[in-house]
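A quick note: this is a predicted structure, and the numbers were derived from the prediction, not measured.
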Amino acid sequence: MANRSRSARLRHQGSELTVQQDETTDSPIIPVAALERLHKFKPDAVDWVFKQTETEANYRRTEGHRINRFVFIHRLLGQIFALLIGLAGIGGGSLVALNGQPWAGAVIAGSVIIGLAGIFFADKKRQ
């Protein structure tokens, strides 16, 4: 869990102003010192903050699972369609080759295979 905390303090003619910012990358966690100050000010608000934090964490988990599922479906469909395109290209090239044009059939089948391989390698390089 990565936390970043920043604070700034300004003093002017006996008055002081302090600003503090806390960031976490995992979840919206409020620092303990802020919760203690909130408890002194309004004790029942601390329970509300905990409930809201739990609600937010549940939402993030649900959303994470949903995104992972969609990414999996997207990748699986991409591989299925690539297989279908490859089979169609090889089948079309074979059909052309069997009808008397072996070089044209080889060019069609080869270009489909090379094209699909190039797309897969470009995608791996991009990631």
Side-chain angles (χ1 to χ4, degrees):
M1 176 163 70
N3 291 332
R4 285 193 305 207
S5 183
R6 297 181 200 127
S7 63
R9 188 172 287 183
L10 177 65
R11 291 187 184 121
H12 180 65
Q13 297 178 354
S15 298
E16 183 176 310
L17 175 66
T18 303
V19 179
Q20 181 175 353
Q21 177 184 5
D22 295 302
E23 288 182 42
T24 62
T25 56
D26 298 49
S27 63
I29 298 173
I30 297 176
V32 175
L35 287 175
E36 288 173 351
R37 286 193 310 261
L38 181 62
H39 182 68
K40 289 178 186 175
F41 173 69
K42 190 172 181 184
D44 58 334
V46 175
D47 291 334
W48 180 81
V49 168
F50 280 134
K51 287 178 187 175
Q52 292 301 313
T53 303
E54 183 179 351
T55 303
E56 174 69 20
N58 288 336
Y59 172 76
R60 284 176 181 236
R61 285 186 205 105
T62 304
E63 192 69 17
H65 290 304
R66 187 170 166 240
I67 289 170
N68 288 339
R69 187 174 350 122
F70 283 138
V71 167
F72 174 74
I73 291 170
H74 178 262
R75 289 182 180 172
L76 187 64
L77 286 175
Q79 290 178 355
I80 289 171
F81 283 120
L83 176 67
L84 293 175
I85 291 170
L87 291 176
I90 292 172
S94 299
L95 185 65
V96 169
L98 289 175
N99 285 326
Q101 299 294 328
W103 284 105
V107 168
I108 291 171
S111 62
V112 167
I113 292 172
I114 290 171
L116 286 174
I119 290 170
F120 278 119
F121 287 133
D123 187 45
K124 291 288 184 189
K125 187 176 181 180
R126 184 179 55 129
Q127 292 176 355

Glu63 with Arg60: basic N within carboxylate O range, under 4.0 Å: no

Contact summary for [X] and [Y], nearest pair of heavy atoms:
| X | Y | answer |
| --- | --- | --- |
| Thr18 | Arg9 | OG1-NE, 3.6 Å |
| Val112 | Gly86 | CG1-CA, 3.9 Å |
| Ile90 | Ala109 | CA-CB, 4.1 Å |

Of Arg69, His74, Arg75, which meets side-chain contact (heavy atoms from CB on, under 4.5 Å) against Val71? Arg75

[X] with [Y], same ILVMFWY side-chain cluster at under 4.5 Å:
| X | Y | answer |
| --- | --- | --- |
| Phe50 | Tyr59 | no |
| Leu76 | Ile73 | yes |
| Leu98 | Val107 | no |

For the CD atom on Glu54, are there more than 12 heavy atoms of other groups (residues, nucleotides or ligands in this structure) within a distance under 6.0 Å? no

So with a 6.0 Å cut-off around CZ of Phe120, is the heavy-atom count from everything else above 12? yes

Output the distance between atom [atom1] ([X]) and atom [atom2] ([Y]), rounded to the nearest 0.5 Å.
| X | Y | atom1 | atom2 | value |
| --- | --- | --- | --- | --- |
| Ile108 | Trp103 | CD1 | CH2 | 14.0 Å |
| Phe121 | Leu116 | CZ | CG | 11.5 Å |
| Thr53 | Trp48 | OG1 | CH2 | 8.5 Å |
| Gln79 | Leu84 | CD | CG | 12.0 Å |
| Asp47 | Asp44 | CG | CG | 7.5 Å |

Are side-chain heavy atoms of His65 and Thr62 found at a separation under 4.5 Å? no

